[in-house]
Amino acid sequence: MTFRTFSRTIKLGFVLKLGFVFVPLLIVGGYAIHEAAAEPAGIGGQAKIGCGGDGCHGAQSSQTVVKIWSDSSVILAGQPYTFHISVASTNSKAFGAGCDLTPDVGQVNPLPKDQLGHPTYPPSIKGFPNDLSHTTPQIFKNDSAEWKFQYVAPATGGVAHIFAAGNAVNSNGNADDGDHWNLTVDTFNIVTSAVTPVPVSSPSISLFPNPSKGTITLSDDALSGVADVTVTDAAGRSVLRETVVTGEETPLDVSGLPKGSYFLTVRPQHGDAIMKSFVIAK
């Protein structure tokens, strides 16, 4: 064997050995790429399409329940509010969760940090352009996980939506029956201060108890005759209407209304309408 032939043999052997090493790396690398699609650190753009792309989190299922709600009963235009998003699961194999959310109007942000620079509500969520996602999967507490975030309402009133996707996972690296996801959308009204009724002070009527937990009594000794009673919410929408006989104490059942601020207007047959504010605190 000449030196040239021996050199070629060494080179060929090296290439073959490199090939045997390289092929497994491709296989492992392919698995790693697939796993990266799940993005344990969170990924944006999933709020309307879900978390099942490329099989990263299994199938959509009603076993995963995603909810969004606010601490405030009224959302005023241009104001910031704290919202919550939770992911729960009835699947006994799932023990952690992730989320992604985006609004159609307004702005979503991680909650502001405190004066020391710490998140005000860990575990935090991170922001993409008007899109929020978890920074790390959150382990379930009582079969659910929860995050808080800030929503800044737009400057004008109207109907708003926050879209969200949530996944419940077993974190074993496989899109199996321990991984499921689901979608939700929270619809709410944004109001302006211009449409909020201003209560008129009057000694003619009184309401008690105020705040109320389900029943409120209208005392109208200064009035007489039949009157229409209307209850409106802070957005000016009529939520209750009754006809009462004034001159006595009249109980009103408000147990079907959610907690928040309301206005009660009494319109007697003769005289001006009288408005009083009250609060339902359940």
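None of the values given here were measured: they were computed from a predicted structure.
S86 OG to K141 NZ: the interatomic distance, rounded to the nearest 0.5 Å, is 14.0 Å. In this structure, CG in L252 is found 8.0 Å from CG in L207, a value given to the nearest 0.5 Å. One finds the OG1 atom of T90 at 4.5 Å from the CD atom of Q63 (value rounded to the nearest 0.5 Å). Atoms CD1 and OG1, on I162 and T187 in that order, are 9.5 Å from each other to the nearest 0.5 Å. One distance of note links CD of Q46 with SG of C99; it measures 12.0 Å at 0.5 Å rounding. Distance CZ/F278 to CG/N210: 8.0 Å, rounded to 0.5 Å.
No donor-acceptor pair closer than 3.5 Å links the side chain of D131 to the backbone N or O of P103. With hydrogens and angles disregarded, no donor-acceptor distance shorter than 3.5 Å links the side chain of H84 to the backbone of K148. Of the possible donor and acceptor atoms, none in the side chain of S89 sits under 3.5 Å from a partner among the backbone N and O of S144. A side-chain donor-acceptor contact under 3.5 Å links D104 to the backbone of H161. N167 places a side-chain N or O within donor-acceptor distance of the main-chain N or O of G98, the cut-off being under 3.5 Å. Checked by atom type and distance alone, the side chain of N182 never pairs as donor or acceptor with a backbone atom of A168 at under 3.5 Å. A donor-acceptor contact shorter than 3.5 Å is absent between the side chain of E146 and the backbone of V87.
Annotation: side chain of F163 is not in contact with side chain of L101 (no heavy-atom distance under 4.5 Å). Side chains of S212 and V254 form a contact here, defined as non-hydrogen atoms less than 4.5 Å apart. Annotation: side chain of V159 is in contact with side chain of N189 (closest heavy-atom distance under 4.5 Å). Side-chain contact between S219 and F208: present, with at least one pair of heavy atoms (C-beta onward) separated by less than 4.5 Å. Residues L264 and Y262 are not in side-chain contact: their nearest non-hydrogen atoms beyond the backbone lie 4.5 Å or more apart. Using a 4.5 Å cut-off on side-chain heavy atoms (C-beta onward), T265 and V229 make no contact.
Remark: aromatic rings of F95 and F140 are distant, center separation not under 6.0 Å.
When all heavy atoms are compared, the tightest approach of I190 to P154 is CD1-CD, 3.2 Å. Of all the heavy atoms in G166 and T64, the pair that sits closest is O-CG2, 3.8 Å. Residue L76 comes nearest to A153 through the heavy atom pair O-CB, 3.4 Å, listed as atom of the first residue, atom of the second, then distance. The two atoms that bring T82 and S70 nearest to each other are O-OG, 3.6 Å, heavy atoms only. Scanning both residues, V244 and T250, for their nearest heavy atoms gives CG1-CG2, 3.6 Å. The two residues R241 and T230 make their nearest non-hydrogen contact at NE-OG1, 3.5 Å.
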*Begin from the C-alpha positions of V191 and V74 and carry the test side-chain contact (heavy atoms from CB on, under 4.5 Å) through to its verdict.*
CA-CA 8 Å; V191 300; V74 178; 3.6 Å; yes
*asked:* Could you walk me through whether V65 and K67 satisfy the side-chain contact (heavy atoms from CB on, under 4.5 Å) test, starting with their C-alpha distance in whole Å, then the side-chain angles of each, then the deciding distance to 0.1 Å, before giving a yes or no?
replied: CA-CA 7 Å; V65 180; K67 293 182 179 180; 4.0 Å; yes
_Under the criterion side-chain contact (heavy atoms from CB on, under 4.5 Å), I'd like the reasoning laid out for N109 against V152: C-alpha separation, chi angles, the key distance, then a yes or no._
CA-CA 8 Å; N109 306 302; V152 182; 3.8 Å; yes
*Before giving the answer on side-chain contact (heavy atoms from CB on, under 4.5 Å), spell out for V66 and L183 the whole-Å C-alpha distance, their side-chain angles and the decisive distance to 0.1 Å.*
CA-CA 7 Å; V66 188; L183 300 170; over 6 Å; no
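Under the 3.5 Å distance criterion, with hydrogens and angles disregarded, no donor-acceptor pair is assigned to the side chains of H180 and Q60. A side-chain donor from one of D253 and S255 sits under 3.5 Å from a side-chain acceptor of the other. For the 3.5 Å distance criterion, the side chains of T243 and D228 qualify, holding a donor opposite an acceptor.
Note on V108: it clusters hydrophobically with Y81, by side-chain heavy-atom contacts below 4.5 Å among ILVMFWY residues.
Considering Y151, W69, W147 in turn, Y151 is the only one that fulfils the side-chain contact (heavy atoms from CB on, under 4.5 Å) rule with F83.
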